[in-house]
Amino acid sequence: MRLTVDGREIEIDPDPEMPLLWALRDLAGITGPKFGCGIAACGACTVLVDGVPVRSCSLPVGGVEGDIVTIEGLADGDTLSAVQQAWLDEQVAQCGYCQAGQIMSATALLDEVSDPTDEDIDNAMGGNLCRCGTYPRIRAAIKRAAAMKLARA
Amino acid sequence: MRPLATLLTAFAIAASSSALAQETPAPDQPPVPAVDRAAGLSEWEKINAVFSHPRCANCHVEDDHPRWSGTHYGETRNHAFNVQRGTDESGFGNPGLRCTTCHFESNSNVLHGPPGAESWHLAPAEMVWFGKSSAEICAQIKDPERNGGRTLEEIAVHVRDDGLVGWGWAPGPGREPAPGSAVETFAALERWNAAGAPCPDG
Amino acid sequence: MASIGKIARRTFLIGAAAIAGGVAVGYWYVSRPYDNPLEDDLAEGEATFNPFVKIASDNIVTVIAPRAEMGQGISTTLAAFVAEELGVPLEELTVEHGPTSFAYYNGTMMEESGPFPWFDDSLLASIARDAFSTVGKVLGLQATGGSASTRDGFERMRQAGAAARHMLLAAAADRFDVPAGQLETVGRTVVHKASGKSATFGELAVDAAKMSPPSSVKLKDKADWTLLGKPQKRVDMLAKVTGAPIFGVDVMLPDMLFGTVKMNPVFWQKPASVDLSKAEAVKGVVKIVPLDTTYGHGFGVIAENTWAAFRAADLIEADWGKPDFPADGAAVNEALNAALATDGSRLRDDGDVDVAFADAPADSVLEAEYAVPFLAHICMEPMNATARFKDGKLELWAPNQMPTLVEYLSGAAIGLESANVTAHTTSLGGGFGRREADTTIYAAIMAKEVEGRPVKVIWSREEDVRHDSYRPAAKGRFRARLNQDGLPAALDMRIAAPSVVASVMRRTFPSLSPAGPDGTITQGSHDQPYTIADYRVSGAKADLGVPVGFWRSVGNSFNGFFHEGFMDEIATKGGLDPVEMRRKLMAAHPAAVKVVDKVAEMANWGEPLPAGRGKGFAFTLSFGSWVGEIVQVAETDAGIRVEKVWIAADVGTAIDPGIIEAQLTSGAIFGLSAAMGQEITFANGMVEQSNFHDFDAMRIHQCPEFEVAILENYHRMGGVGEIGTPPAAPALANAIFALTGKRIRALPLSREVSFA
């Protein structure tokens, strides 16, 4: 089957029941989305499908239609997305393993809510577990990214 | 509001109104409200056993939190991850964390994986079953103000035909299904209606 | 404090075990310096100056930061040590973990293995520290733990940078024929201003490496630091915001197979019978192999992709056998009670506690029983390792915290000497003390079954939760006798827990039987800077059979709760303010008092709170750092909300305040997560929890605000990575007491209260 991932067409031959995550990682070698739980309980595998955040560890690849965007496709060449740049500026990551998912959820949030409140952030990000406890910096980075996007717009 | 949210809201409203039911042909014989209270209540008990079952009631809540319950989930509790009805009241969650971020068209076949069905979302708050008595649920079902403007016949058809409702009897691995089946519950609703749709004393 | 006589009568478990392990590894020369492992693998025109620095002809300067980067920022801090003395901006350096080598031994990690509290500056304590540090060197134990990496690297890595600079300048002085004293550096270039001559480090590298290293180097005074003491941009941040393949699970090799493991849910047992037919029928399964190891028994599934391996593992049907250890909560509790009935080892025994309680009036005595459950680590990156067995050699890629031991143990599992094993340490998606050798042992056995092809073995989260090296369950019985003034005259703490060291030995070097006390059982209770006339802390080993290991802050993780929860009770009974009581009891330790004062000031301690709010205080000295935390909670409709946490920590010397702040916050959240809701329970000898739906951690909407102060009063540098954890649980429990009047003595707190 063909998938459009990060603007590229890829051709893979998975069992349609295989979760999108493993199709991306094992078959297409796209390792940006991470495996954390396999039951959509931690958010590390989050990717966007047509702009909607989904937990790729639980989504059968056979039913996937639309453009997939992973953490690897956010930057425009060497220019980081506003969310990535804010993450860098706020020095958010510790171990970094969950951050691909955090950044994808934050990206989805900011696509719909340009200037999120603390409550908006809580409501959007509760599905993304961070074991290092980077939450205070994640919150700061989302606000910074919002300001950056508004300034760029 | 962004287009996506608008679309979801519109869909929620459509799904919870009689719009979908209008395509269903009317029954040959409109039910004659007979009054057989004992027989009616007996049917209602079957219906209530479904509506108050966690597979159904966990997403028919008054507040903003769907519930989790069952083996390995501890006592009945709020759905983890701060999952909520949605600040737009749509029942489809919040920007960045929609119900459909995790709940897809079909059940995950992994134990504890997310269940799925078409258009996964929370019932409107007025259709509350969670924590309500049999009498309260019965009153709600009969109240067009709180049942999506449906006739009882339309409710029976909705229960029989709706994909998300039907999920309650096929909830995926590790979850106890609602009792009976969609067809049986449809039949019970028909018989209850025929018996005058009596509600138990609250 | 322990007297010389008492010490002489004891053996010390960690020392004894480690020395024995060292013999097994086969390295025993104390004085012999290890070879520079970088010499084996230099590119054309590349030169190395010491095990920490190499420079290529294209002017790429590589710093080896040989500690596991698990989020604690160690790669940045170690590189900054080199950068400071080499005189090169941090962002111009390439930082790598580097090869596995005894040259990268961690001496500091073992330094505090003796029975001396951190604040004991006696000659005896110093001698013991040197001795244990030597053990680390002798073993060549390349390991990341004990919050020791920064302290361990502080001298060595600055010297490495200074020595390389000295040699580069010497080479330039020869080439330009000028005195070295007239040379300076701009970035990675040596410049002679007067003549305008210059040469890059890369151009000088080969000549410079031939220079003799200076016999001694003068390191910069703290006042002259330009990088150290200031927050740096982390060297790993860009990779982590772009999804770069840096973790163990991201390893991709040509012709690679994928796999997972299904280990016996009943620890240590061999399955009585097994049916693999359904599993083997899964499309994509290549081979299912038995795993019989010191870590346990089970099966490795090798497949064409991870998902097929997961599905097949789920379909393995077996009679897993019966546990030979306490099989459920009641049995665990019974075993802990039995241990509490024994005397245990007294790592603190001041005055005479028995006499003090013999004539104590009943109303002056306070007694309490505390308990904590087993805990899993749940690193975000599930356990994994990649292995390739080819031509009699084993190559491993794994997130791990002890690569020299990983090479030894994984090789031994398939009959190879360490010399034929190469371990590559990837970035770790969290470590917290979990990353042992089980992952690589299993992967090695599986790789041998498909000789020539690499296998990437990723555990499911369920396997990860059910086959951890758990934080021990523990129980304590405490009593205090109070003076008229409310202060404790006597304190007697008896604690029972499984021995972490004995458990680690069982699965790594099972033929060695460790003897002597395990200080981790009372660590955080026996070594605190309180002065109480009659003060006894005894620890009893309770063998519960469940594998236990190093969980962020180890014994401090429960002793902090025990000691500081009970201290709060003492203050309440004595009618004293908990903070004021600490000031009095810690008066002999100015660093401690300054921490208490600072955090109390930050939190406006003592100021009346509005109704529905409460604050709690706790203090723990761990890993050489003095930490006070105050937690504020609020009653809300949804339950108790943790609103704010104030932390003051004296780390002696603060190398990177940005990273330290992150680590303190991180450690506190780790402790709060556990205190609020985590527990691992057993039924029929099997772990009942399996994934984040029943073993979760704090989420962003539960996360409090943080305010952190970093102090530098004490004269020795302390650790950072674990120190935020121990005071978090007791500060929260004490805050809940202040809010509700309910004294909760068993974790998790969610058994008694609900959280928003």
Side-chain angles (χ1 to χ4, degrees), chain A residues 15-22 37-43 45-65 83 101-129 135 138 142 146, chain B residues 1-9 11 63-66 68 70-74 77-122 172-175:
Chain A
D15 181 325
E17 287 293 307
M18 180 186 285
L20 173 62
L21 175 71
W22 295 115
C37 68
I39 59 166
C42 77
C45 65
T46 306
V47 301
L48 306 182
V49 178
D50 280 344
V52 178
V54 298
R55 309 290 187 236
S56 64
C57 75
S58 297
L59 176 63
V61 65
V64 175
E65 285 171 24
V83 177
Q102 303 277 3
I103 288 170
M104 298 314 290
S105 288
T107 299
L109 167 66
L110 292 175
D111 280 348
E112 285 195 64
V113 183
S114 59
D115 192 14
T117 62
D118 280 329
E119 193 190 355
D120 291 329
I121 294 170
D122 285 345
N123 290 349
M125 306 294 292
N128 290 87
L129 178 62
Y135 302 128
I138 287 175
I142 290 174
Chain B
M1 197 185 291
R2 287 304 191 96
L4 175 70
T6 313
L7 185 69
L8 290 173
T9 309
F11 191 76
D63 60 16
D64 293 335
H65 300 278
W68 273 1
T71 319
H72 314 134
Y73 290 85
R77 55 175 165 137
N78 286 356
H79 189 305
F81 323 141
N82 200 27
V83 164
Q84 298 204 29
R85 177 180 302 281
T87 49
D88 59 1
E89 301 290 315
S90 68
F92 281 81
N94 279 305
L97 186 54
R98 300 287 179 196
C99 301
T100 48
T101 295
C102 306
H103 298 279
F104 307 120
E105 295 290 311
S106 57
N107 290 320
S108 163
N109 48 25
V110 175
L111 186 63
H112 309 127
E118 64 184 46
S119 171
W120 195 271
H121 68 283
L122 209 54
R175 285 179 208 92

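Chain letters run A, B, ... following the sequence lines, proteins first, then strands; residues in each count from 1. Just so we're clear, the structure is a prediction, and the values are computed from it rather than from any experiment.
Taking all atoms of both residues into account, the shortest heavy-atom contact from N123(A) to T87(B) is ND2-CG2, 3.8 Å. Nearest heavy atoms, G96(B) versus A108(A): CA-CB, 4.3 Å. For N109(B) against E17(A), the heavy-atom pair with the smallest separation is ND2-OE1, 3.5 Å.
Looking at heavy atoms from C-beta onward, L97(B) lies out of side-chain contact with M125(A) at the 4.5 angstrom threshold.
Your options are P95(B), C102(B), G113(B), and the one with the most heavy-atom pairs under 4.5 Å with chain A is P95(B). Between chain B and the options G63(A), A40(A), P53(A), heavy-atom pairs under 4.5 Å are most frequent for P53(A).
With a threshold of 4.5 angstrom between heavy atoms, A41(A) approaches chain B through its backbone and through its side chain.
In this structure, L59(A) CG and E105(B) CD are separated by 10.0 Å, a value rounded to the nearest 0.5 Å. Taking CG of N94(B) as the start and CG of D120(A) as the end, the distance is 7.5 Å to the nearest 0.5 Å. The distance from the CZ atom of R98(B) to the CD atom of E112(A) is 4.5 Å, given to the nearest 0.5 Å. For the atom pair CG (N82(B)) and CD1 (I121(A)), the distance works out to 12.5 Å, reported to the nearest 0.5 Å.
Heavy atoms of other residues, nucleotides or ligands lying less than 6.0 angstrom from CD of E118(B) number more than 12.
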